[in-house]
Amino acid sequence: MPQTKFQDIVFTIIMVLIFVYVMTFYNAGLEGDITLSTFGYALTHMWPEVIGAFIAQRYIASPVVKRLVSRLFTPGEDKPIFIILATAGFTVSMMAPMMTLYVSIYHMGITPGLLDHWLTKLIQNFPFALCAQIFYVGPLVRLIFRTLFRKQLAMQKHTSALAA
């Protein structure tokens with residue numbers, strides 16, 4: 001969806017902020033009861049993960065995911081839904097292990113139980129992250145992005161149609 005580097009950075013920031021918030025909320029819920037205060041807890045405790053997720057997404061996952069998706073699909077020829085689903089699946093497949101390890105180290109340090117904790121959390125987080133990405137966060141972020149960049153995206157679409 002993003003067409004320029006600026007749009008790509010904005011898209012990544014929106015995705016990271018919303019997704020990290022959702023995952024922080026989810027993990028807080030796994031550790032205790034979900035109450036109204038859980039919403040605030042997630043908002044105040046998500047920031048170290050936001051930084052790690054932005055770096056991991058922007059500089060590790062995104063370039064790899066773009067290459068994988070471009071090997072499987074051709075924009076304009078393949079249905080966009082397949083490209084969206086492949087992008088979501090590859091992204092979660094890369095980000096969930098990286099972020100779960102990062103958060104485990106951040107909260108526990110490097111301890112003898114780190115591997116067990118990481119694998120347990122990964123098994124708990126991966127299915128939720130995949131469903132959240134495909135059904136909720138991904139569509140919400142694309143809607144926000146299209147709303148923010150409506151004019152630019154329309155102009156880019158018009159310009160590329162004239163060039164073709």
Asks: Treating Ile, Leu, Val, Met, Phe, Trp and Tyr as nodes and any side-chain heavy-atom pair under 4.5 angstrom as an edge, say whether Ile18 and Phe149 lie in one connected cluster.
Replies: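 In one cluster with Ile18: Phe149, yes.
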Asks: Distance from Phe145 atom CZ to Asp8 atom CG, nearest 0.5 Å?
Replies: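 Going from the CZ atom of Phe145 to the CG atom of Asp8 covers 8.0 Å.
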Asks: After noting the C-alpha distance and the side-chain angles of Trp47 and Val50, does the key distance pass the side chain to side chain contact (heavy atoms under 4.5 Å, CB included) rule?
Replies: CA-CA 5 Å; Trp47 300 105; Val50 166; 4.0 Å; yes
Asks: Verify the cluster assignment for Leu68 and Phe82: are they in a single hydrophobic cluster under the rule of side-chain heavy atoms below 4.5 Å apart?
Replies: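 Yes: a chain of side-chain contacts under 4.5 Å links Leu68 to Phe82.
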Asks: Answer yes or no: is there a side-chain heavy-atom contact under 4.5 Å between Ile60 and Met95?
Replies: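 Not touching, per the 4.5 Å side-chain cut-off.
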Asks: Taking the side chain as everything from C-beta on, heavy atoms only, tell me whether Glu49 gets closer than 4.5 Å to His107.
Replies: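 Contact flag for Glu49/His107 side chains = yes.
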Asks: Any non-hydrogen side-chain atom of Arg146 less than 4.5 Å from a side-chain atom of Leu143?
Replies: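 The answer is yes, as the side chains (C-beta and beyond) meet within the 4.5 Å cut-off.
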Asks: Quick one, Phe90 and Val69 - any side-chain contact, counting heavy atoms below 4.5 Å?
Replies: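 Of all side-chain heavy-atom pairs linking Val69 with Phe90, at least one is under 4.5 Å.
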Asks: So which atom in Ala61 and which in Met98 form the shortest heavy-atom distance, rounded to 0.1 Å?
Replies: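 So the two residues come closest at CB-CE, 4.1 Å.
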Asks: Do Ile34 and Phe25 have side-chain heavy atoms sitting under 4.5 Å apart?
Replies: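 Yes. Closest side-chain heavy atoms under 4.5 Å.
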Asks: Taking side chain as C-beta onward, heavy atoms only, is Asn125 less than 4.5 Å from Met99?
Replies: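 No - every pair of side-chain heavy atoms lies 4.5 Å or more apart.
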Asks: For Ala53 and Val16, work out which heavy atoms get closest and say how close.
Replies: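 For Ala53 versus Val16, the nearest heavy atoms are CB-CG1, 3.8 Å.
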Asks: Using 30° and 60° as the class limits, which term best fits the ring planes of Tyr26 and Phe128: parallel, tilted or perpendicular?
Replies: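 Plane angle under 30°, so parallel.
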Asks: Going through the distances and angles, do Gln152 and Gln7 end up as a side chain to side chain contact (heavy atoms under 4.5 Å, CB included)?
Replies: CA-CA 10 Å; Gln152 293 92 334; Gln7 290 176 358; 3.7 Å; yes
Asks: Take the angle between the ring planes of Tyr102 and Tyr106 and call it parallel below 30°, perpendicular above 60°, tilted in between.
Replies: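 Correct class here is parallel.
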Asks: Taking a hydrophobic cluster as the set of Ile, Leu, Val, Met, Phe, Trp and Tyr residues connected by side-chain heavy atoms closer than 4.5 Å, whether directly or through intermediates, do Val137 and Ile134 fall within one such cluster?
Replies: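 As far as the 4.5 Å side-chain criterion goes, Ile134 and Val137 are not connected within one cluster.
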Asks: Distance check, rounded to the nearest 0.5 Å: Ile81 atom CD1 versus Phe73 atom CZ?
Replies: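 It is 10.5 Å, given to the nearest 0.5 Å.
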Asks: Has the side chain of Tyr59 got a donor or acceptor atom that lies under 3.5 Å from a matching backbone atom of Phe54?
Replies: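 Not confirmed, Tyr59 side chain does not pair with Phe54 backbone.
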Asks: Could you walk me through whether Phe126 and Ser93 satisfy the side chain to side chain contact (heavy atoms under 4.5 Å, CB included) test, starting with their C-alpha distance in whole Å, then the side-chain angles of each, then the deciding distance to 0.1 Å, before giving a yes or no?
Replies: CA-CA 8 Å; Phe126 186 85; Ser93 294; 3.9 Å; yes
Asks: In the single-linkage hydrophobic clustering (I, L, V, M, F, W, Y; side-chain heavy atoms under 4.5 Å), do Met23 and Phe39 co-cluster?
Replies: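 Result: no, two separate clusters.
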Asks: Leu153 and Met1: which non-hydrogen atoms are nearest, and at how many Å?
Replies: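 Result for this residue pair: CD2-O, 3.9 Å.
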Asks: Side-chain contact test, heavy atoms from C-beta onward, threshold under 4.5 Å: evaluate it for Val64 versus Met94 and give yes or no.
Replies: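 Yes; the side chains approach each other to less than 4.5 Å.
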Asks: Do you know which two heavy atoms are closest between Trp118 and Pro97, and how far apart they sit?
Replies: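 Minimum heavy-atom contact is NE1-O, 3.0 Å.
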Asks: Working to the nearest 0.5 angstrom, can you tell me the gap between Arg142 CZ and Thr147 OG1?
Replies: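 The OG1 atom of Thr147 is 12.5 Å from CZ of Arg142, to the nearest 0.5 Å.
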Asks: Supply the atom-to-atom distance Thr38 OG1 to Leu43 CG, rounded to the nearest 0.5 angstrom.
Replies: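 Output value for this atom pair is 12.5 Å.
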Asks: Looking at side-chain heavy atoms only, is the closest gap between Met108 and His117 below 4.5 Å?
Replies: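 Yes, close enough: below the 4.5 Å cut-off.
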Asks: Are more than 12 heavy atoms from other residues, nucleotides or ligands located less than 6.0 Å from atom CD1 of Ile110?
Replies: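 Count not over threshold, so no.
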Asks: What distance separates Leu101 CG from Leu122 CG, expressed to the nearest 0.5 Å?
Replies: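 Nearest 0.5 Å value for the CG-CG distance: 9.5 Å.
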Asks: Using modelled atom types and a 3.5 Å cut-off, is there a donor and acceptor pairing between side-chain atoms of His45 and backbone atoms of Tyr41?
Replies: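 Checked: pair present.
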Asks: In Å, rounded to the nearest 0.5 Å, how long is the span from CD of Gln124 to OG1 of Thr100?
Replies: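 Here the interatomic distance stands at 9.5 Å.
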Asks: Indicate, with yes or no, if Tyr136 and Ile144 share a hydrophobic cluster defined by side-chain heavy-atom contacts under 4.5 Å among Ile, Leu, Val, Met, Phe, Trp and Tyr.
Replies: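 Different clusters: Ile144 never reaches Tyr136 through Ile, Leu, Val, Met, Phe, Trp or Tyr contacts under 4.5 Å.
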Asks: So which atom in Ile14 and which in Val141 form the shortest heavy-atom distance, rounded to 0.1 Å?
Replies: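 Minimum heavy-atom separation between Ile14 and Val141: CG2-CG1, 3.9 Å.
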Asks: For a quick test of reading the model, state the closest non-hydrogen atom pair linking Gln133 to Pro139 and the distance between them.
Replies: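 Result for this residue pair: O-CD, 3.7 Å.
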